[in-house]
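Worth knowing before you read on, the calculation uses all heavy atoms, side chains too, and leaves out hydrogens, waters and symmetry mates. It should be emphasised that the depicted structure is a prediction, and the values quoted were computed from it without experimental measurement.
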Amino acid sequence: MTRLFPLAVLALVGCTSNLDIGAGAAGLGGVDVYEKQFEWSEPEVCKTFLHRRIYDEAARVVSYEATAAGRELTATYEVDAGAALPLAIEIADDTGPLVSLRSSAKDLEVRDAQGEIALRVSGYADGPGETIERTQRSIEADSLDLLACTLPMRAELGYVPGFVRNIRDASSPTADGVVGSSSDAAQLVPWDGATTLLGAWVRQGMCLRVAGGAVDWHCGCFEVRDPVVGVVRGDCP
């Protein structure tokens, strides 16, 4: 995974004021400019200065430009409904990708800046998870800090796109040609995990850790109850 964001949406980055394109019921896409510090204590303490958010409901991509851990980073989240691992996250700086993740309701794959496998975990969203592959590929610890913010869940940032809530968006017809609407709760991705789609991203942000340059999977004891995310639990005794 290199750049997830479509060029048509990147063209909007030059806007200097808040721009919402159809950000009503359908929320087709937009650019939200913040230029302010945000702090959250749940599900994990997170402090970041957010510059802007760009989202495209049809492309199912949302990207955040932020200052975190003393550096400029971009966190891009994508839902590719047709992929075996439909959830994707990429953390990048101005030199390119630093780390990327792909996941389903059951399996998680982490790759380094060169796109090489660093970690594979099975059952990560349902419980402790089983590490099925762990290499010594180096991952920058700071590159994972932004994951702890779980930015797509933050209603404080404005409209929460339907695709990150696993709701089929209004611009995407089904195989039968039926187009959804804001009141249509049809799932975008078939999901049989113990958490919601957003809950899977919460667990990734809480449980991925870097030690000695190598990434590992370890969940502490926690519980998140959020109206958007639902209930997400850690590995409590």
Worksheet entry | Verdict with supporting geometry, R203 and D235, salt bridge (charged side-chain N to carboxylate O under 4.0 Å, His left out) | CA-CA 10 Å; R203 282 186 67 90; D235 299 336; 3.4 Å; yes
Worksheet, complete the sentence: In this structure, CD1 of I91 is separated from OH of Y77 (nearest 0.5 Å) by 5.5 Å
Worksheet item: Just wondering, do F163 and V62 contact through their side chains at under 4.5 Å, heavy atoms?
Response: yes
Discussion item. How close do W201 and A88 get, counting heavy atoms only, and between which atoms?
Written reply: CZ2-O, 4.0 Å
Item to complete: Would you give the length of the straight line joining atom CD of E223 to atom CD of E42, rounded to the nearest 0.5 angstrom?
Response: 10.0 Å
Worksheet item: Can L119 and L208 be said to form a side-chain contact (heavy atoms from CB on, under 4.5 Å), step by step?
Response: CA-CA 10 Å; L119 180 71; L208 283 172; 3.7 Å; yes
Worksheet item: Roughly how far, to the nearest 0.5 Å, is the CD atom of E44 from the CE atom of M206?
Response: 5.0 Å
Worksheet item: Do you know the tightest heavy-atom contact between A84 and P86?
Response: O-CD, 3.3 Å
Worksheet item: D80 and R60: side-chain contact (heavy atoms from CB on, under 4.5 Å), yes or no, with the steps?
Response: CA-CA 7 Å; D80 181 356; R60 297 161 186 158; over 6 Å; no
Discussion item. Check whether T135 reaches the backbone of I117 with its side chain - one donor and one acceptor, N or O, closer than 3.5 Å.
Written reply: yes
Worksheet item: Given L87 and L197, is the side-chain contact (heavy atoms from CB on, under 4.5 Å) satisfied, shown in steps?
Response: CA-CA 8 Å; L87 311 188; L197 184 155; 3.4 Å; yes
Discussion item. As a quick check of understanding, evaluate side-chain contact (heavy atoms from CB on, under 4.5 Å) for R225 and R233, giving each step before the final call.
Written reply: CA-CA 9 Å; R225 292 181 177 269; R233 293 184 176 90; 3.2 Å; yes
Worksheet entry | Pairs satisfying disulfide (SG to SG under 2.5 Å), at least one member in residues 84-136, at least two apart | none
Discussion item. Between S104 (side chain only) and K106 (backbone N and O only), is there a donor and an acceptor less than 3.5 Å apart?
Written reply: yes
Discussion item. Looking at E130, is its backbone amide N or carbonyl O close enough to the side chain of S122 to form a donor-acceptor pair, meaning the two atoms are under 3.5 Å apart?
Written reply: no
Discussion item. Quick check for you: to the nearest 0.5 Å, what is the distance between D216 atom CG and R209 atom CZ?
Written reply: 11.0 Å
Practice prompt. May I have all residue pairs that pass disulfide (SG to SG under 2.5 Å) and include part of residues 101-148, sequence neighbours excluded?
Written response: none
Item to complete: State, yes or no, whether a side-chain contact exists between R111 and P97 at a heavy-atom distance under 4.5 Å.
Response: no
Discussion item. Ignoring hydrogens, what is the shortest heavy-atom contact between G158 and R53? Give both atom names and the distance.
Written reply: C-NH2, 3.9 Å
Worksheet entry | Atom of S103, atom of L108 and distance for their closest heavy-atom approach | CB-CD1, 3.9 Å
Worksheet item: Would you find a donor on one side and an acceptor on the other, under 3.5 Å apart, between the side chain of S63 and the backbone of I54?
Response: no
Worksheet entry | Residues that W217 engages under side chain to side chain donor-acceptor pair (under 3.5 Å), provided they are two or more places apart | none
Worksheet, complete the sentence: Nearest heavy-atom contact between N166 and V189 is OD1-N, 2.8 Å
Discussion item. Once disulfide (SG to SG under 2.5 Å) is applied, what residue pairs with a partner in residues 47-98 remain, sequence neighbours excluded?
Written reply: none
Worksheet item: Listed by chain and number, what are the side chain to side chain donor-acceptor pair (under 3.5 Å) partners of H51, not counting sequence neighbours?
Response: E35, T67, E72
Practice prompt. Give, for atom OG of S100 and atom CD of E116, the distance between the pair rounded to the nearest 0.5 Å.
Written response: 10.5 Å
Practice prompt. Grab the two heavy atoms, one from A194 and one from A125, that are nearest each other, plus how far apart they are.
Written response: CB-O, 3.8 Å
Discussion item. Less than 4.5 Å apart, side chain to side chain, heavy atoms only: is that true for Y64 and T48?
Written reply: no
Discussion item. Measuring from atom CD of E78 to atom CD1 of I89, what distance do you get when rounded to the nearest 0.5 angstrom?
Written reply: 11.5 Å
Worksheet item: Would a hydrophobic clustering, with Ile, Leu, Val, Met, Phe, Trp and Tyr connected at side-chain separations under 4.5 Å, put V228 with V232?
Response: yes
Worksheet item: Is it true that E156 and K36 make a salt bridge, defined as a side-chain N closer than 4.0 Å to a carboxylate O?
Response: no
Indicate every side-chain donor-acceptor pair of residues 136-152 with a distance under 3.5 Å to a residue at least two apart or in another chain.
{"from": "R137", "atom 1": "NE", "to": "D112", "atom 2": "OD2", "distance (Å)": "2.7"}
{"from": "R137", "atom 1": "NH2", "to": "D112", "atom 2": "OD2", "distance (Å)": "3.0"}
{"from": "E140", "atom 1": "OE1", "to": "R71", "atom 2": "NH1", "distance (Å)": "2.7"}
{"from": "E140", "atom 1": "OE1", "to": "R71", "atom 2": "NH2", "distance (Å)": "3.3"}
{"from": "S143", "atom 1": "OG", "to": "E140", "atom 2": "O", "distance (Å)": "2.5"}

Practice prompt. State whether D107 and R120 are salt-bridged, where the test is any N-O pair (Lys NZ or Arg NE/NH1/NH2 against Asp/Glu carboxylate O) under 4.0 Å.
Written response: no
Practice prompt. Could you label the plane-to-plane angle of the W40 and F38 rings as parallel, tilted or perpendicular, counting under 30° as parallel and over 60° as perpendicular?
Written response: parallel
Item to complete: Kindly say whether V31 contributes a backbone atom to a donor-acceptor pair with the side chain of R52 at under 3.5 angstrom?
Response: no
Discussion item. Given 3.5 Å as the limit, does a donor-acceptor pair link the side chain of D56 with the main chain of G29, or not?
Written reply: no
